[in-house]
Amino acid sequence: MKTIVVTRHKSLIQFLIEQKIIDQSDEVVSHATEELVEGNRVIGVLPIHLAALTSEYVNVPIHVPSELRGEELSIEEIRKYAQPIKTYIVNQK
């Protein structure tokens with residue numbers, strides 16, 4: 001099992017390293033596929049059908065004000081808007 005981070009935000013990667021959730025050796029991708037996430041610990045935002053393929057899904061909720069949506073957030077903004085990080089085990093019936 002490896003750790004994969006799904007994000008296009010460089011500040012989020014920095015935040016996750018600061019929080020000791022990931023380290024420099026973890027793989028970072030901008031787009032998740034079934035083959036990539038299957039059996040791995042995946043951090044980011046995933047649709048439920050992909051989360052069900054992971055061994056562990058780590059959600060990093062960031063409550064961004066509407067006026068900042070679609071913008072690249074700074075590390076200070078990530079720190080400000082980040083909510084508690086939660087880990088899920090998702091099973092498919």
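Scope of the values below: all heavy atoms of this structure, side chains included, with no hydrogens, waters or symmetry mates.
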Report task. Applying side chain to side chain contact (heavy atoms under 4.5 Å, CB included), run through Glu27 and Thr3 and close with a yes or a no. Result -> CA-CA 7 Å; Glu27 184 175 354; Thr3 296; over 6 Å; no

**Report entry** Asn59 side chain to Lys86 backbone, donor-acceptor under 3.5 Å
**Finding:** no

Query raised in the report: Under 3.5 Å, is there a donor-acceptor pair between the side chain of Tyr57 and the main chain of Leu46?
Result: yes

Please report the interatomic distance [atom1]([X]) to [atom2]([Y]), rounded to the nearest 0.5 Å.
X: Glu38; Y: Thr54; atom1: CD; atom2: OG1; value: 10.0 Å
X: Asp26; Y: Lys2; atom1: CG; atom2: NZ; value: 10.5 Å
X: Asn40; Y: Leu53; atom1: CG; atom2: CG; value: 10.5 Å
X: Ser74; Y: His9; atom1: OG; atom2: NE2; value: 12.0 Å
X: Ile85; Y: Ile43; atom1: CD1; atom2: CD1; value: 8.0 Å

Query - Member of Leu12, Val28, Val29 meeting the side-chain contact (heavy atoms from CB on, under 4.5 Å) criterion with Val5 - result: Val28

Query - Flag if over 12 foreign heavy atoms under 6.0 Å of NE2, His31 - result: no

Query raised in the report: Near Gln92 CD, under 6.0 Å, is it more than 12 heavy atoms from other residues, nucleotides or ligands?
Result: no

Please report, to 0.1 Å, the donor-acceptor pairs under 3.5 Å made by any side chain of residues 15-23, with sequence neighbours excluded.
{"unit_1": "Glu18", "atom_1": "OE1", "unit_2": "Arg79", "atom_2": "NE", "d": "3.1"}
{"unit_1": "Glu18", "atom_1": "OE1", "unit_2": "Arg79", "atom_2": "NH2", "d": "3.4"}
{"unit_1": "Glu18", "atom_1": "OE2", "unit_2": "Arg79", "atom_2": "NH2", "d": "2.5"}
{"unit_1": "Asp23", "atom_1": "OD1", "unit_2": "Ser25", "atom_2": "N", "d": "2.9"}
{"unit_1": "Asp23", "atom_1": "OD1", "unit_2": "Ser25", "atom_2": "OG", "d": "2.5"}

Query raised in the report: Which residue pairs satisfy the salt bridge (Lys or Arg N to Asp or Glu O under 4.0 Å) criterion with at least one member in residues 45-67, sequence neighbours excluded?
Result: Arg41-Glu56

Heavy-atom pair with the smallest gap, counting every atom of [X] and [Y]:
X: Ala32; Y: Val6; value: CB-CG2, 3.9 Å
X: Ile89; Y: Ser55; value: CD1-O, 3.2 Å
X: Ser11; Y: Leu73; value: OG-O, 2.8 Å
X: Glu72; Y: Glu77; value: O-OE1, 4.2 Å

**Report entry** Hydrophobic cluster identity match, Met1 and Val37, side-chain contacts under 4.5 Å
**Finding:** no

Query raised in the report: Do Ile62 and Tyr88 share a hydrophobic cluster, counting only Ile, Leu, Val, Met, Phe, Trp and Tyr and linking them when any side-chain heavy atoms are less than 4.5 Å apart?
Result: no

